[in-house]
Amino acid sequence: MTRAKAYAAHQSNSPLAPWEFERRSLRENDVLIDILYCGVCHSDLHAIHDHSGMGTFPLVPGHEIVGKVREIGPAVTKVAVGDNVAVGCMVDSCMACDRCEDHLEHYCRKGATMTYRGRDRITREPTQGGYSDHIVVREDFVLSVPDGLDLERAGPLLCAGITTWSPLKLWKAGPGTKVAVAGLGGLGHMAVKLAVGLGADVTVITTSPSKVDDALALGASRVLLSSDPAAMKEARSSFNLIIDTVPVPHDLNPYLSLLDLDGTIVLVGVIQPLPEVDARVLIMGRRSVAGSMIGGIAETQELLEFCAEKNILPDCETIAVQDINHAFERMDRNDVKYRFVIDMATLQSEPAA
Ligand code: NAP
Ligand code: ZN
């Protein structure tokens, strides 16, 4: 076992504080990664609030991990010591069911093992995430960072990026399609960049008038303020796809009306029940409501290659790990442009716990 330094929530809603724990010893197909950077996702904040009441504490969040391979198990073939690698929201799955065989490990029939708040498949010990100096991961769940991709900014591709890339690809965003993105935060700003990169015409739907200029600078051709009923009315029946990243329950009906015939709204943000949907709006326009969760390992690797080729990276604000609680406060009040990334080297200045 190796001793890991980390920042953890010691109980629900408590601020993160330094913590040390043991990472498991390497199994034959494991990779030990020194973590360089870790993105800060709104899901990390949800996890600390522990709305489900099912969380185990202490909890080390973080699933947008970029690092360097320090050591490999004897059977590892995919990566070598010194490689730049990345880890996203999951670290294991059964790898044998039909879904895993279809590269949909995140929908594994036995349940994928999440990077944090999961349980190791063999030892059942809780998994701990990337706000930490190193991590041990089964090689099949380790991504290669293509040459040329900025390590400091690549982390958010592993969650914010793949969570929006996967539905954009599945619903065929590209030239000739009109895509709207609701909520311009970490996921939303990646959705804009990726949809523009795929050739779609992109509109941002926001609650924040202060983000209009940013949305246009990110590549959107148009911005709709969701608080402006006249603009929302004028935009009725105009989109093929809406990626909805809003993290709190909200009324979908005004968004459904924005979909064109056969259009789909894909929910990726909210995980709570929503107010009733008006079935007439679905029926009259053959519209659909769908949901989507992160993405598989192969499609995440495809995303990293796409971003390296097109030079697409998140807009990041790099912070020291000691600033994480302040960063969460800012995320809570919608003051992030557009993703915090923790420089994990700052963990080394912590005294031993
Ligand atoms: P974020 O950076 O905080 O951005 C969320 C955006 O939603 C905000 O920038 C804001 O955009 C809008 N918003 C915030 N509060 C709102 C409110 N009360 N009403 C309406 N709009 C509001 O969060 P994120 O990291 O992008 O994550 C978004 C959600 O996706 C979270 O719930 C997260 O847990 C979830 N998530 C899901 C998956 C998945 O697999 N499905 C993966 C990762 C994250 P505007 O200012 O433009 O309105
Ligand atoms: Zn995330």
Side-chain angles (χ1 to χ4, degrees), residues 38-52 61-65 86-90 104-107 112 114-117 129-131 155-168 170 180-194 203-216 218 220 223-228 242-252 254-255 265-272 274-275 290-296 299-300 314-317 327-341:
C38 186
V40 179
C41 180
H42 206 113
S43 302
D44 301 347
L45 195 53
H46 287 315
I48 292 160
H49 289 322
D50 193 27
H51 293 135
S52 67
H63 56 206
E64 294 186 337
I65 299 167
V87 177
C89 301
M90 57 182 168
L104 298 168
E105 306 86 1
H106 47 312
Y107 299 119
M114 294 295 128
T115 303
Y116 62 84
R117 277 182 105 201
Y131 297 4
L157 300 177
L158 278 298
C159 177
I162 186 60
T163 301
T164 51
W165 173 257
S166 186
L168 286 170
L170 191 66
V181 175
L184 194 64
L187 267 62
H189 96 293
M190 280 316 307
V192 173
K193 291 190 183 207
L194 294 171
T203 297
V204 167
I205 309 171
T206 180
T207 61
S208 305
S210 63
K211 293 184 184 173
V212 170
D213 291 345
D214 284 359
L216 298 173
L218 289 165
V223 184
L224 269 177
L225 284 176
S226 54
S227 56
D228 179 346
I242 301 177
I243 307 286
D244 181 344
T245 76
V246 175
V248 293
H250 53 288
D251 183 6
L252 284 192
Y255 296 87
I265 183 165
V266 183
L267 305 176
V268 295
V270 66
I271 43 165
Q272 286 127 297
L274 296 177
S292 185
M293 182 176 72
I294 52 173
E299 64 181 339
T300 307
D315 292 3
C316 298
E317 181 176 335
F328 278 143
E329 274 169 37
R330 283 183 52 194
M331 182 177 259
D332 225 5
R333 65 179 132 91
N334 197 0
D335 175 26
V336 191
K337 289 194 167 179
Y338 278 90
R339 202 58 148 185
F340 291 116
V341 169

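One-based numbering, in listed order, for ligands and for the atoms of each.
- Protein N/O/S atoms found under 2.8 Å from the Zn ion (ligand 2): Cys41 SG, His63 NE2, Cys159 SG.
- Interatomic distance, Lys337 NZ to Cys316 SG, rounded to the nearest 0.5 Å: 14.5 Å.
- Atom OG1 of residue Thr163 and atom NE2 of residue His106 lie 9.0 Å apart, to the nearest 0.5 angstrom.
- For ligand 1, the 4.0 Å heavy-atom shell contains residues Cys41, His42, Ser43, His46, Cys159, Thr163, Gly183, Leu184, Gly185, Gly186, Leu187, Thr206, Thr207, Ser208, Lys211, Thr245, Val246, Pro247, Val248, Val268, Gly269, Ser292, Met293, Ile294, Met331, Asn334, Arg339.
- Within the model, atoms CG of Asp44 and CE of Met331 stand 7.0 Å from one another, a figure rounded to the nearest 0.5 Å.
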- Could you check Lys193 against Asp315 for side-chain contact (heavy atoms from CB on, under 4.5 Å), going step by step and ending with a plain yes or no? CA-CA 10 Å; Lys193 291 190 183 207; Asp315 292 3; 2.7 Å; yes

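- One finds the CG atom of Leu225 at 11.5 Å from the NZ atom of Lys211 (value rounded to the nearest 0.5 Å).
- The two residues Cys159 and Glu64 have their closest heavy-atom pair at CB-OE2, 3.2 Å.
- Rounding to the nearest 0.5 Å places NE2 of His49 at 8.5 Å from NE2 of His46.
- Heavy-atom minimum distance, Thr164 versus Leu187: CG2-O, 3.4 Å.
- Using a distance-only test at 3.5 Å, with no hydrogens or angles considered, no donor-acceptor pair links the side chain of Ser208 to the main chain of Ser210.
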